[in-house]
Amino acid sequence: MDVFRIEGPVRLSGSITVNGSKNASLPIMAAAVLAPGKSLLKGAPQLSDISVFSQLLEDIGCKVTRESTGDIAIDSTAIGKPVGEYDIVRRMRAGICILGPLLVRCGKAEVSMPGGCAIGYRPVDIHLRGLRELGAQIRLENGYIVADATRGLRGSEIFLGGPFGSTVLGTANVLMAATLAKGTTVIESAACEPEIADLANCLNTMGAKITGIGSPRLTIEGVKELKPFAYEVIPDRIEAGTFMAAAAVTKGCLHIHNCRLGDLMAVVDKLRNIGVTVEPEKTGCIVACSGSVSPTDITTQPYPGFPTDLQAQFMVLLALAAGNSIVIEKIFPDRFMHVAELARMAANLRKEGSAVIISGVKKLIAAPVMASDLRASAALVLAALAAEGETIISRVYHIDRGYEKIEQRLNPVGAKIIRESD
Ligand code: EPZ
């Protein structure tokens, strides 16, 4: 159980490069199951979630290797066991998106229900509704989703919207299953996240026929078979947004490479509104901030709205703003594990239902704090960079799930982070 010792305050300055997207890599790894043979995923980051997903694929019969180039080779020629085991899926919810590919490849699948999550209650009812609409017989047994489609799947018109809008992995599951279904499928209220567009583009390189990519209405003309992919994943927009917030929180200046501003328009708009400069640049952007930022309101929404995965990091920024702000969490109403930890660092926060009222303070103060989930822990790192004194963050394994060796990437631009085994 590693811990971080972080000395603050520091001012970040210099160049940093964004890695490939975790949340695009995971469903694309699942897509390898759709086409017997060797697929190659380029640019996937070295993260514990990627390793756990590789274990899941190995467990069903794939051979997964990380090549010397860093690419991930997935040989899905032999799928012997169409089962997503509880022991793996409980560690990484994204394991659920193996369900659609297994079902259409093997005609049946058993995948563990994901179980609890620190960011709140996360059902998969919409995933199951979509797959049933494609003709799958689905029941729950012993904590497992047992799905059957021995007679194949058939195209259908599916409304995939839910109480919080679209579902990202739900769209991925149904989209992948529909590629090999008989006939045409229309998915309405599909997720428009860049990670879903990346998955759809990858599927089209495999021979799928998907149109409407990037829009809430996807049309998929089923095909008989797909071929393995060799595909480069998009940059990680949430990692890029985290580095942008880090530059602003430390009143620094970062040149962020391999960052697509087009995937972050809501975020860039918010940063500029509060006084942070974001200059586009050939390979990414330059983010700079000289003084205190202005207060503002943030409401998280499905893409292209403000991403829930940057809510915690921006709460740190607004905790140091010159005035009062409000953050409203519309995707995961209980996603506030970071609030109590930030309060330990002297942030002035008041939680009201699925909103937090933030009264900006002049400075944060170091304290021992505990990471609880991936993005909350990234927020604690940002807070520690700005806080006076040495902050100790425990359970940093949460950070390793989504940020590759973050200390080795932030220290060269001015951070003082030491990783220690507890
Ligand atoms: C994806 O999770 C991301 N994970 C999450 O990032 C991200 O926070 C989330 O999308 C929203 O952007 C990956 O891509 C691996 P959803 P997902 O289904 O697909 C409700 C990170 O930090 N819902 O879009 O699981 C659900 O409870 C992670 O990298 C249903 O009600 O999220 C939530 O309130 C955390 N029924 C809302 O929809 C369903 O069947 C959106 O969830 C499915 C979802």
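Ligands are counted one by one from 1 in listed order, and the atoms in each one are counted from 1 as well.
- The pair Glu239-Arg409 counts as a salt bridge, with a side-chain nitrogen and a carboxylate oxygen less than 4.0 angstrom apart.
- Sorted by chain and number, the residues within 4.0 Å of ligand 1 by heavy atom are Lys22, Asn23, Ala94, Ile119, Tyr121, Arg122, Pro123, Val124, Asp125, Ile126, His127, Phe164, Ser166, Thr167, Val168, Leu169, Thr308, Asp309, Ile331, Phe332, Arg335, Leu374, Arg375.
- Without hydrogens or angle criteria, Thr300 side chain to Lys330 main chain gives a donor-acceptor distance under 3.5 Å.
- Taking the six-membered ring where the residue is Trp, Tyr231 and Phe229 present perpendicular rings, their angle passing 60° and hence far from 30°.
- Residues that satisfy the ring-ring contact (aromatic ring centres under 6.0 Å, His included) test with Phe53, not counting sequence neighbours, are absent from this structure.
- For the pair Arg335 and Asp309, the salt-bridge criterion is met [side-chain N within less than 4.0 Å of a carboxylate O].
- With respect to the salt-bridge test (charged N to carboxylate O, under 4.0 angstrom), the residues Arg350 and Glu352 qualify.
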